[in-house]
Each structure stands twice: as structure tokens, then as C-alpha cells.
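The structure appears right after this line, and notes come after that.
Every chain is numbered from 1 and lettered A, B, ... according to where its sequence line falls, protein lines coming before strand lines.
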There are 2 protein chains.
Amino acid sequence: MTEFDTVVTSADKVFTSLRKEIVEGDVGAGAKLSEAELSTKYGVSRAVVREAINRLVSINIVERKANVGARVVSLTLQGLVELYQVREALEGMAARLAAQNMTDLEVKALQSLIDSHSDKVVDGQRYYQEAGDVDFHYQIAKGSHNQYLFYMLTNSIYHLVRMYRVQLGMAGPRVSTAYAEHKHIVQAIGNRDQELAEMLMRRHILYSRNNIERKLEESQ
Amino acid sequence: MTEFDTVVTSADKVFTSLRKEIVEGDVGAGAKLSEAELSTKYGVSRAVVREAINRLVSINIVERKANVGARVVSLTLQGLVELYQVREALEGMAARLAAQNMTDLEVKALQSLIDSHSDKVVDGQRYYQEAGDVDFHYQIAKGSHNQYLFYMLTNSIYHLVRMYRVQLGMAGPRVSTAYAEHKHIVQAIGNRDQELAEMLMRRHILYSRNNIERKLEESQ
DNA sequence: AGGTCTAGTATTGTCGACAATAAAAATCCA
DNA sequence: TGGATTTTTATTGTCGACAATACTAGACCT
């Protein structure tokens, strides 16, 4: 009766569940994914586990070697750098397109989002929760009005980014300064300044990368 | 005995074959992919066809609806624009990174490539073959020394781009001016000018988009 | 006749079993 | 004893059959 009741197959469920476990670190980086094992764990046939794993491969969270098996990707400095370079390119474009294509209503929603999420104020500085950061980037990706771009960011890149952040224990260090950066980006978008919006977003991601990079280096 | 004899499974073969047929237009845009039909055609079980189709989905060449089936994506102006926006972002970054990371040897190879591929000279202008364009972009993607970025471009985006070009009959119009643009990009990379390399590459792709966009509009 | 409901059909989703491959263990030979 | 070779074992790749779902066509009601 509902208009868009998206059909969910069991492979979908296993895929979503596994993705969460991997991203949240319950299944560690580099861990092996045994088809037989998982099929008993989830109470489904190997075929659906296989399909779920293949989808994890397609979003670059898992690697598979023929006749050998699938492993969760391992976190490396090189991998982190590459990921953030791609992210910088794509989110920079997203910000540019958001400045161009967002409706006035969407801009307003973005502004109120950023205000509402600056909850805690300590020492005169506003502190973010991570959820705020996620929502912010999500809305801009959506505001690009580019489905393809939105799809790439939300289905693959954000999960990989979160995997790095979670497993390196980035609970919320840099979040204080992130707020100011977010605010400037929103201003640029509000002014329909595509050039500036892209530039600020790229800087923002670069800073974020430097921060997490430091963490990764000291943990090795 | 060979060092890297990559194992090829039958799903790989079906995937590669289907991808070619789709990109080259032998299987038209919007066409339905019946699992049963394809399994008899290729002489394999439905399972391997299914896996191949799933991989085509992950490349964004095919769409699948649960319990309904898979169809080749249809070519639309909107889709083209979105694709080229993503491409502009990624290849711009690739050019920037190439300027930063390519070895002197790689730069040399790129320069000689561009010279060798300017075969035909008509009316004092050099004309490209399409293969030259492909090789050019491929080498820059590789020269970024970013595996992740390289993977995205060569496994998904380039195929989609080619699909649009082939099915719209872009044999080789704009190729004359493309040569000059390529040459400038190579110069910027040779000078290790990241900023300029990125900017020129983005322009180059923008021009290319305008060209193909015109073609799509008049064909509808 | 128009629309709704029902039965039939075709296609996809899921399953368990078998075949093929690769890693591990055991054997053989210098 | 050390290293290559064979055998074993465990895991993935492939298959055909069955179950579940969505589209189609027909019956039924008002």
C-alpha cells in the first residue's frame, strides 16, 4: 500500500549487516570472511553470503582472490591517503554543485542543521558530535543534485572513511575547528559561490586527512 | 610458471564479454538481461550469469530491481552530465597527482605517446585516433600513483564514457582540438605544475562534455 | 463497460550438492 | 636432514532444482 516499499532481499540484509560489522570494527581489518561460516551464522545459503560478499567487494571494503577467499581490506597509510585524495575531489565537486543547484529551501535546511548540531559549547567553542559531521556531508552530497556522485559518496566512500575513523579511535578530536569550517562552507553555498565552496570543502577534507593521518602514523 | 597468471573464473569471462557487448552497443541501452537466456547463450549456469550481472551493476552499466530483473542503463542527458561532472573531478585530481607523482620516465613516456599518436596530419592540423585519447587518459590515471583512483576510472567511468560515445556515434569529431589540449596538459605535468595540470584537465573534459552533449540533444 | 479480484505464467531469489582449485600435511628421495 | 613431491583437506566455483515474487490474462461483480 505504501508508495515506495523497497523490496529487501536476504542478500541485502546480510550485506548491510556485514558492512556494519566491518565498518564498526567488530570484524577487524584483514579478517577472513568464510562463506560457510557466515552462512551458518546468518542462517542462509552460501549463495546469498557470496552475493553479499561480492557487494562488499564492489564498495571496496573487502578484497577477494579467486579460489582463495575474501578478506576485509587492511588499513594502511597509503590507502588512507588515496581514499582522501578521491574524497577531496568528489566532495569538492559536490560542494561546487550544491552551491549551484541547491534550492533555497535546501540551503535553509543546511543552515539550520549546522546550527542545531553545534550543541555543546565549552570554553566559548562549539563542539560537534560525529553525527553532525555525517549529516552535514550527506546533505551537501544530496544537494549536488547529482545522483551518481551522491551514490559514490554514500555507498562506498563514506563507509570507508568511517571505517578508518572508527578503527583508529577518532571519537571527536578535531571536531571543534571542524564546526567553523563547516560554517564557512555553508556561507559560500548560501552565496552561490561555487568556486569558494569547492575550495573550502577541499581544504576541510585536507585538514581532516592530516589529522587522521597523524593518528595512523603513531599507531604503527 | 608465469609470475602473475591471474586466475580467470567463468563469471569473469561472462562479465567481460557482456561489458564489451553493452559498451559497444551490441546490447542496446535499456535492454533487458534475462538470466536464463544468457545462461544458455554462454553455456554456463544461471549462478555465474547472476554474478556477472551483479558486477555489471557495480560498474553502473546495469540496473537491477529485486524480483524483476536487470536492464542496461538508459542514456539520458541528465546521466551524461552527472557522469562528466564526476569524471571532471576525478580526472582533474588524477592530473594533479600525476604532476606530483609521475617519475621522469613516466613523463617521458607520456610525451612520446602523445607525439606518436598524432599520426594523421590534414590541413596542417594533427588528427587523433580514439585509441590515442584512451591511452592518454589511461596513462595519466596510472601516473597518479593512486590505485583507488585508477581503479575507479578504469573499471567504471571509462566504460560508461565509452558507452555514451559509441552509442552516440562519436567516431572522432573534436579530436583535432583535443590534441592541442592534451599537449598542454602534458606540458603542465612535465613542469610539475599541479594546479595548472588539474585546471587544464578539467577544462578538457568540460569541452568534451559540451561536444557530446550537443550530439545527444540533437539525437532526441 | 469499467474496474477489481483471482488464477496462471514467467522470472528471479534461494538452496543443497558436486566439481575444481589452492593451501596444508605427509611422504619420498638425495 | 632438507627439499621437492605427492596426498590430503578445506574452501571456493559451479550447477540444477525448488521457492517466492511480480507481471499477465481471464473471470467476476456492479
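Taking the side chain to side chain donor-acceptor pair (under 3.5 Å) definition, one finds that B:E51 meets it with A:R50, sequence neighbours left out. Under the rule for a side chain to side chain donor-acceptor pair (under 3.5 Å), B:Q139 has no partner lying at least two apart in sequence or in another chain. Residues that satisfy the salt bridge (Lys or Arg N to Asp or Glu O under 4.0 Å) test with A:R64, not counting sequence neighbours, are A:E35. In this view, A:D12 and A:R55 satisfy the side chain to side chain donor-acceptor pair (under 3.5 Å) rule, not counting sequence neighbours. Listed by chain and number, the residues in a salt bridge (Lys or Arg N to Asp or Glu O under 4.0 Å) with A:R96 are A:E195, A:E198 (sequence neighbours excluded). Scanning for side chain to side chain donor-acceptor pair (under 3.5 Å) contacts around B:Q167 gives an empty result, with sequence neighbours left out. In this view, A:E24 and A:R162 satisfy the salt bridge (Lys or Arg N to Asp or Glu O under 4.0 Å) rule, not counting sequence neighbours.
Along DNA chain C, the stretch of nucleotides lying under 4.0 Å from any heavy atom of chain B spans, 5' to 3', C:dT11 to C:dA22.
Using a 4.5 Å cut-off on side-chain heavy atoms (C-beta onward), A:I140 and A:E91 make no contact.
Listed by residue number, the members of residues 29-39 of chain A with any heavy atom below 4.0 angstrom from DNA chain C form an empty set. For residues 44-51 of chain B, proximity to DNA chain C is found at B:R46, B:R50, defined as any non-hydrogen atom under 4.0 angstrom from a strand atom. Applying a 4.0 Å cut-off to non-hydrogen atoms, the residues of residues 55-69 of chain B that approach DNA chain C are B:R64, B:A66, B:N67, B:V68, B:G69, listed by residue number.
Classified by interplanar angle (parallel below 30°, tilted 30° to 60°, perpendicular above 60°), the ring pair A:H137/A:H182 is perpendicular.
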Without placing hydrogens or testing angles, list every side-chain donor-acceptor pair under 3.5 Å for residues 148-156 of chain A, not counting sequence neighbours.
unit_1	atom_1	unit_2	atom_2	d
A:T154	OG1	A:F150	O	2.8
A:N155	ND2	A:Y151	O	3.1
A:S156	OG	A:I59	O	3.2

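In terms of heavy atoms, B:R87 sits closest to B:S208 at NH1-OG, 4.3 Å.
Of the possible polar contacts, none joining the A:Q194 side chain to the A:Q100 backbone as a donor-acceptor pair under 3.5 Å is found.
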